[in-house]
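Written below as structure tokens is the structure these notes are about.
Computed from a predicted structure; not experimentally measured. Sequence lines set the chain letters: A, B, ... in the order given, protein chains first and strands last, and positions in each chain run from 1.
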Protein chains: 2
Amino acid sequence: MTDTRGTRAATIGDVARTAGVSRATVSRVLNGRASVDRALAERVETAIAQLDYRPSETARNLSLGRTNTIAVVVPDLGNPMFQAILHGVTLGAAEDGFQVLVGDTRERPELERRAALDARRRCDALLLCAPRMPDEDLAAVLAQAAPMVLINRPTPAPVAQLAMDYRHAIGLVADHLAGLGHRRLLYLGGPLSSASNRLRLEGVADAEKRHPGLVVQRQEVGASLDAGSDIADAVLRSDATAVIAFNDLVAIGLLSRLDDLGVSVPGRLSVVGVDDIPFARYSRPHLTTVSLPKDALGTQAWAQLKDAMAGRPAAEPVWVEGTLVERHSTGPAPA
Amino acid sequence: MTDTRGTRAATIGDVARTAGVSRATVSRVLNGRASVDRALAERVETAIAQLDYRPSETARNLSLGRTNTIAVVVPDLGNPMFQAILHGVTLGAAEDGFQVLVGDTRERPELERRAALDARRRCDALLLCAPRMPDEDLAAVLAQAAPMVLINRPTPAPVAQLAMDYRHAIGLVADHLAGLGHRRLLYLGGPLSSASNRLRLEGVADAEKRHPGLVVQRQEVGASLDAGSDIADAVLRSDATAVIAFNDLVAIGLLSRLDDLGVSVPGRLSVVGVDDIPFARYSRPHLTTVSLPKDALGTQAWAQLKDAMAGRPAAEPVWVEGTLVERHSTGPAPA
DNA sequence: TTGTACGCGTTATCAA
DNA sequence: TTGATAACGCGTACAA
């Protein structure tokens with residue numbers, strides 16, 4: 001864009017002039033659209049090399065009506081979950097020559113609408129991850145941002161959707177704990193406004209129905225390492241024998257604090273997380289959790305984005321299911 | 001960019017026509033450049049609302065000669081270090097109305113040159129993080145990508161630079177360990193091609209000079225959790241009483257494996273990391289490490305990028321120093 | 001196969 | 001204060 005070397009960057013016109021051809025011809029050898037005489041082509045090539053010419057991406061964008069860029073908007077880049085998604089979609093996009101514009105709404109739902117729309121306007125499509133904005137904001141975004149794909153925010157609206165099945169994931173860990181003889185569980189929930197927290201709560205309710213005698217206390221905590229650590233004392237004051245954490249971050253924070261307090265896990269208390277972030281297998285004790293295919297999610301998102309950009313209608317929402325990863329933070333309920 | 005609702009998006013011309021004014025006037029009320037008659041302005045406003053008009057970002061980019069977007073290229077988005085930088089720079093940029101295009105070179109140095117240049121061409125400036133490309137590639141990038149800022153890749157070239165002082169950081173932990181009576185250290189290095197690894201090695205050499213009798217073995221390991229875990233056995237076979245890991249990832253992986261093996265830390269072995277990622281304080285035992293101001297780095301990077309875009313000459317390279325954070329993975333050398 | 005001419009949607013210049 | 005009109009740099013019908 002900017003040229004600080006004093007002399008303005010060469011344009012296609014400059015190349016055409018030095019090569020003694022028309023701009024159309026230069027454009028042709030550049031894009032290989034039509035065939036061009038070998039001799040002319042070579043003159044163009046040398047002119048390009050001589051002038052160190054590079055086509056203006058901006059001008060191409062305007063002329064072609066597309067930017068070959070997609071927008072990815074997430075609530076928090078610090079969350080390993082979104083990092084994994086971003087990572088996956090970046091790789092997929094790169095393979096098709098697309099770049100990625102990233103937006104971080106800093107966990108502030110009131111910024112999401114603007115952020116999503118602004119980012120979208122500079123790109124060809126939008127990948128909106130786990131937005132917590134109110135329904136009406138979401139409706140506005142859905143109305144303007146097509147083609148787009150929505151991740152982890154179930155909606156009846158006809159838009160391409162991809163979501164982790166947290167309800168199913170909680171079912172997995174609840175069954176696991178019930179099988180180990182636990183009857184009094186504690187669910188450490190994330191932000192109430194989060195759709196994925198609501199999903200988890202449904203999973204909790206399902207489990208209670210499925211296992212008569214199982215009781216699950218609910219508590220709102222947060223979604224971070226610190227939140228998990230801070231809640232340790234309250235957890236110990238409860239009569240639960242097992243804890244289902246909102247995600248691995250909360251679980252690992254809790255585990256660390258319990259270790260400091262000398263509480264035996266899983267002897268006295270079992271702890272499970274959800275997500276299976278890379279650190280989960282390196283915690284002490286190694287965390288039992290639900291593995292969700294995060295990179296695959298990014299890849300799938302890219303596939304859906306391509307469909308959407310190609311004008312293909314949105315398929316049914318895709319629910320990706322996780323699998324239980326039994327490690328060492330869970331064990332039989334204490335007698 | 002794309003409009004799937006069948007009807008093409010309204011342009012400034014459409015607004016002008018429905019409002020019965022010229023496009024110039026519409027542009028004026030849009031950007032508030034000059035004053036415009038109140039009545040006309042209102043007609044324009046209503047026309048805009050009625051047509052649901054939004055100016056084309058692409059067209060503005062071409063006309064204004066800038067995109068209000070910066071490119072950030074990192075070796076690996078999965079690394080908490082780069083995530084933190086990306087996070088910081090995204091926040092800073094957002095405050096000034098800039099967006100961020102992110103590129104991930106997947107730890108493949110041969111992709112860096114192209115990735116950096118491609119990303120740069122769609123943006124107003126480039127933030128290049130810890131590139132491992134050969135010097136000649138770097139020279140090529142520096143020649144074309146201005147305005148830009150370089151992070152963690154010291155070079156004599158006159159470009160704005162920002163770097164963690166890993167040499168100093170290693171000095172900090174080495175002094176700490178020497179003070180605890182350790183004489184036989186083991187340095188677990190990262191990729192040899194990495195400039196930050198070379199910096200650390202200088203720090204190691206400095207420490208050996210500063211502390212007569214101190215010997216430090218060097219070993220190349222990698223930069224990941226898995227790498228740290230995998231090297232545990234080799235570490236135990238050495239006669240070192242303390243380990244300096246390339247970064248916190250390696251340290252945490254190592255710690256986890258040592259715990260599995262029943263090795264007492266810091267009783268038998270002390271372990272230190274570098275970076276102070278969020279997980280460092282939640283490992284077992286809590287990791288002694290060097291805290292580097294990562295978010296601040298992102299913020300500083302944005303400040304420097306603004307300077308560069310304003311045409312201000314590059315200041316001297318900025319070296320940011322870390323501070324030792326003593327936690328519980330280090331203790332007196334065993335007798 | 002090549003060149004001419006126009007369109008992409010804005011902003012900026014210059015008269016009026 | 002307003003409106004023609006010319007950039008911005010490229011792609012592409014269409015004609016030659």
Problem - Any A:R60 side-chain N or O less than 4.0 Å from OP1/OP2 of D:dC10 - result: no
Problem - Under-4.0 Å side-chain N/O to phosphate OP1/OP2 contact, A:S35 with C:dT1 - result: yes
Close N/O contacts between protein and nucleotides 12-16 of chain D (under 3.5 Å):
unit_1 : atom_1 : unit_2 : atom_2 : d
D:dT12 : OP2    : A:R33  : NE     : 3.3

Exercise for the section: Could you check whether B:L40 gets within reach of a base, just the sugar-phosphate, or nothing at all, counting any heavy atom under 4.0 Å? Expected result: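 Sugar-phosphate, backbone atoms only, no base.
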Exercise for the section: Report which part of the nucleic acid A:R38 touches: base, sugar-phosphate, or nothing (heavy-atom distance under 4.0 Å, all strands). Expected result: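 No contact.
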d([atom1], [X]; [atom2], [N]) in whole Å:
| X | N | atom1 | atom2 | value |
| --- | --- | --- | --- | --- |
| A:R43 | C:dG3 | CZ | C1' | 13 Å |
| A:R17 | D:dG9 | CZ | P | 12 Å |
| B:N68 | C:dT11 | CG | P | 12 Å |
| A:L62 | D:dA7 | CG | P | 17 Å |
| A:R122 | C:dT10 | CZ | C1' | 14 Å |
| B:I12 | C:dG7 | CD1 | P | 18 Å |
| A:L51 | D:dG9 | CG | C1' | 15 Å |
| A:R121 | C:dG9 | CZ | C1' | 12 Å |

Practice task
Report, as yes or no, whether the 6.0 Å neighbourhood of atom CZ on B:R114 holds more than 12 heavy atoms from other residues, nucleotides or ligands.
Solution key: no
Practice task
Return the nearest nucleotide to the side chain of B:S22; candidates are D:dT2, D:dC10, D:dG3.
Solution key: D:dG3
Problem - Per A:T11 side chain, nearest of listed nucleotides C:dT2, C:dT10, D:dG9 - result: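 Side chain of A:T11 sits closest to D:dG9.
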Fill in the blank from the handout: Angle separating the five-pair end axes of the helix from C:dT1-D:dA16 to C:dA16-D:dT1, nearest 10°, is 40°
Exercise for the section: Starting from the C-alpha separation in whole Å, work towards a yes-or-no answer on side chain to side chain contact (heavy atoms under 4.5 Å, CB included) for A:R106 and B:L91. Expected result: CA-CA 9 Å; A:R106 295 169 279 169; B:L91 262 43; 3.6 Å; yes
Practice task
Could you check B:A59 against B:V21 and say which one's nearest nucleotide on DNA chain D is further toward the 5' end?
Solution key: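 Residue closer to the 5' terminus by nearest nucleotide: B:V21.
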Practice task
Please determine, by modelled atom types, if B:Q99 and A:R122 share a side-chain donor-acceptor pair under 3.5 angstrom.
Solution key: yes
Measure the shortest side-chain to side-chain distance between [X] and [Y] over non-hydrogen atoms and say whether it is less than 4.5 angstrom.
| X | Y | result |
| --- | --- | --- |
| B:R60 | B:L30 | no |
| A:L150 | A:P131 | yes |
| A:M133 | A:V141 | yes |

Exercise for the section: Flag the pair A:R132 and A:D137 as a salt bridge only when some basic side-chain nitrogen lies within less than 4.0 angstrom of an acidic carboxylate oxygen. Expected result: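 A salt bridge is absent here (no side-chain N lies under 4.0 Å from a carboxylate O).
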Problem - Cationic N near anionic O, under 4.0 Å, A:R153 to A:D135 - result: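 Judged by the 4.0 Å cut-off on N to carboxylate O distance, A:R153 and A:D135 do form a salt bridge.
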Practice task
Verify, without hydrogens or angle tests, whether A:T90 (side chain) and A:L86 (backbone) share a donor-acceptor contact under 3.5 angstrom.
Solution key: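 Side chain of A:T90 to backbone of A:L86, a donor-acceptor pair under 3.5 Å: yes, one is there.
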Exercise for the section: Show your working on side chain to side chain contact (heavy atoms under 4.5 Å, CB included) between A:L77 and B:Q83 and close with a plain yes or no. Expected result: CA-CA 7 Å; A:L77 272 178; B:Q83 288 160 4; over 6 Å; no
